[in-house]
Protein chains: 2
Amino acid sequence: MPQQPLPFDPIAEARRQWDLRSLRGPAMAAATSIMRAQQLVLAAVDHALAPFELSFARYEVLVLLSFSRHGALPMGKMGDRLMVHPTSITSTVDRLEEQGLVQRARHPDDRRIVLAEITPEGRRVVGAATSAVEDTSFGLDAYDTEALDALTASLRPLRVAAGDFTPTPAETTAD
Amino acid sequence: MPQQPLPFDPIAEARRQWDLRSLRGPAMAAATSIMRAQQLVLAAVDHALAPFELSFARYEVLVLLSFSRHGALPMGKMGDRLMVHPTSITSTVDRLEEQGLVQRARHPDDRRIVLAEITPEGRRVVGAATSAVEDTSFGLDAYDTEALDALTASLRPLRVAAGDFTPTPAETTAD
DNA sequence: ACACGATAGCTTGACTTCCAACTATTGTGC
DNA sequence: GCACAATAGTTGGAAGTCAAGCTATCGTGT
């Protein structure tokens, strides 16, 4: 963002260097592309969320809560769903609570569990923020629906290999 | 990593929710997939680099320097190549300098410029670290060469749209 | 009934990233 | 030749991520 476009593709350039010395040029290029893509998507979404004083991490938590049946979920369950470390949920909910968008409460039956509950203000903000994010297409407006689905599908084997979830036998693509 | 595989694909599940309310389900799923893919690749590489006391950020700087003609580059130029904020380069080189893998020196002709130069120890470490990273295929061993190249190609339009570089007219894929 | 392991969150600290503001050096224009 | 803008890096602060270690609570087994 802060700089001019380079006159060449820096990833293609780096790959040329790698190809001279090893067989991992393709993997290196793909890994670097993924890293950069994440930066760009995150920057686009964060930019759209800035007027609402939200980051992507906090926004995700709000959306998850607003989609949940009772507007409240245990901390740990949110960490599982969003695939982030439990500590990240703690600090994220800390901030959301400071902003008055979420409230903590102990589960009545199991006092170990902390429930995060979205407040009415939280519902209002997440609604407006979602419109803003949708307007940016998550920074992916260079792609049509088909290309987006292809992208998602092509990254799925990576998530499966990492053990994120157990694919249902029917849809096991390969391997 | 620290948790069991979920019995369902959390991204597919989230997408189902989005599809009920908006047209951005595909974009949301692709964006989330990219985010998660980056986490996984980064974790794999960081894990491979841990024995060398290197993070991916520091490793990238070392590789860039070891590939450069004189083993030394200005701070700003590295930021451009690696597409990170100038301040990130500063803190990364700070740590590499503490580790004795890099040395700072002022450019003789333009005293504003700080050159980071890789030390012999730095060259030794980056060589060993590279072998370790190559052994993990950057966390992408679920893909063959063709799939890796397809992945890189499919993420290219995003980088072009973000203005990372100006594609040469011949290879403009679509758009 | 009580000890002990498992579970759920929190605290602290290290690392990375970005932004805004600052210092030092270079180049330009009257 | 000297004011002034542009350039190169650094500093300090906010936010996010993860890991290790801690406290509180639950459940089970004897």
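Convention: sequence-line order gives letters A, B, ...; per-chain numbering from 1. Below, each value reflects all heavy atoms present in this structure, side chains not excepted, and no hydrogens, waters or symmetry copies.
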Subject >> N/O (side chain, B/S88) to phosphate O (OP1/OP2, C/dC18) under 4.0 Å >> reply: yes
**OP:** For A/Q99 and A/E53, indicate whether the former's side chain and the latter's backbone hold a donor-acceptor pair under 3.5 Å.
**Re:** yes
Original post:
More 5' along DNA chain D: A/R112 or B/D94, using each one's nearest nucleotide?
Top reply: B/D94
**OP:** Give A/D46 one of three labels, base, sugar-phosphate or nothing, depending on what nucleic acid heavy atoms sit under 4.0 Å from its own.
**Re:** nothing
Original post:
More 5' along DNA chain C: A/Q39 or A/M75, using each one's nearest nucleotide?
Top reply: A/M75
Subject >> Spacing between B/M83 atom CE and C/dC18 atom C1', to the nearest angstrom >> reply: 17 Å
Original post:
Do the non-hydrogen side-chain atoms of B/L54 and B/D46 ever get within less than 4.5 Å of each other?
Top reply: no
Original post:
When we call it a touch if two heavy atoms are under 4.0 Å apart, what does B/R106 touch: a base, just sugar-phosphate, or nothing?
Top reply: nothing
**OP:** Compare the minimum distances between each of C/dC19, C/dT17, D/dT7 and the side chain of B/H85, then state the nucleotide with the smallest one.
**Re:** C/dC19
**OP:** Check every atom of C/dT17, D/dA8, D/dT17 against the side chain of B/I113 and return the nucleotide holding the closest atom.
**Re:** D/dA8
**OP:** Determine whether more than 12 heavy atoms belonging to other residues, nucleotides or ligands lie under 6.0 Å from atom CD of B/Q103.
**Re:** no
Original post:
When all nucleic acid strands are considered with a 4.0 Å heavy-atom cut-off, which category describes B/T87: base, sugar-phosphate, or nothing?
Top reply: base
Original post:
When you measure from the side chain of A/D110, which nucleotide among D/dT25, D/dA6, D/dT10 comes out closest?
Top reply: D/dT25
**OP:** Would you mind reading off the distance between B/L42 atom CG and D/dT17 atom C1', rounded to a whole angstrom?
**Re:** 9 Å
**OP:** Grab the OH-C1' distance between B/Y59 and C/dT16 for me, whole Å please.
**Re:** 19 Å
Original post:
Quick one: does B/T152's side chain get under 4.5 Å of A/T32's, heavy atoms only?
Top reply: no
Subject >> Spacing of A/E98 atom CD relative to D/dA14 atom P, expressed in whole Å >> reply: 12 Å
Subject >> Spacing of B/R111 atom CZ relative to C/dT26 atom C1', expressed in whole Å >> reply: 11 Å
Subject >> B/P74 side-chain proximity, nearest of C/dG9, D/dG9, D/dT17 >> reply: D/dG9
Original post:
What is the distance from CD of B/Q38 to C1' of C/dT17, rounded to the nearest Å?
Top reply: 11 Å
**OP:** Could you check whether A/R95 gets within reach of a base, just the sugar-phosphate, or nothing at all, counting any heavy atom under 4.0 Å?
**Re:** sugar-phosphate
**OP:** Answer with base, sugar-phosphate or nothing: what part of the nucleic acid does A/S91 contact at a heavy-atom distance below 4.0 Å?
**Re:** base
Subject >> From CZ (B/R15) to CG (A/L148), nearest 0.5 Å >> reply: 8.5 Å
Original post:
With respect to the phosphate group of D/dG16, does any side-chain polar atom (N or O) of A/R58 fall under 4.0 Å of OP1 or OP2?
Top reply: yes
Original post:
What distance do B/F165 atom CZ and A/D9 atom CG have between them, rounded to the nearest 0.5 Å?
Top reply: 3.5 Å
**OP:** For A/E60 and D/dT17, give me the distance from atom CD to atom C1', rounded to whole Å.
**Re:** 13 Å
**OP:** Starting from C1' on C/dG9, measure out to CG on A/L115 and report it in whole angstrom.
**Re:** 12 Å
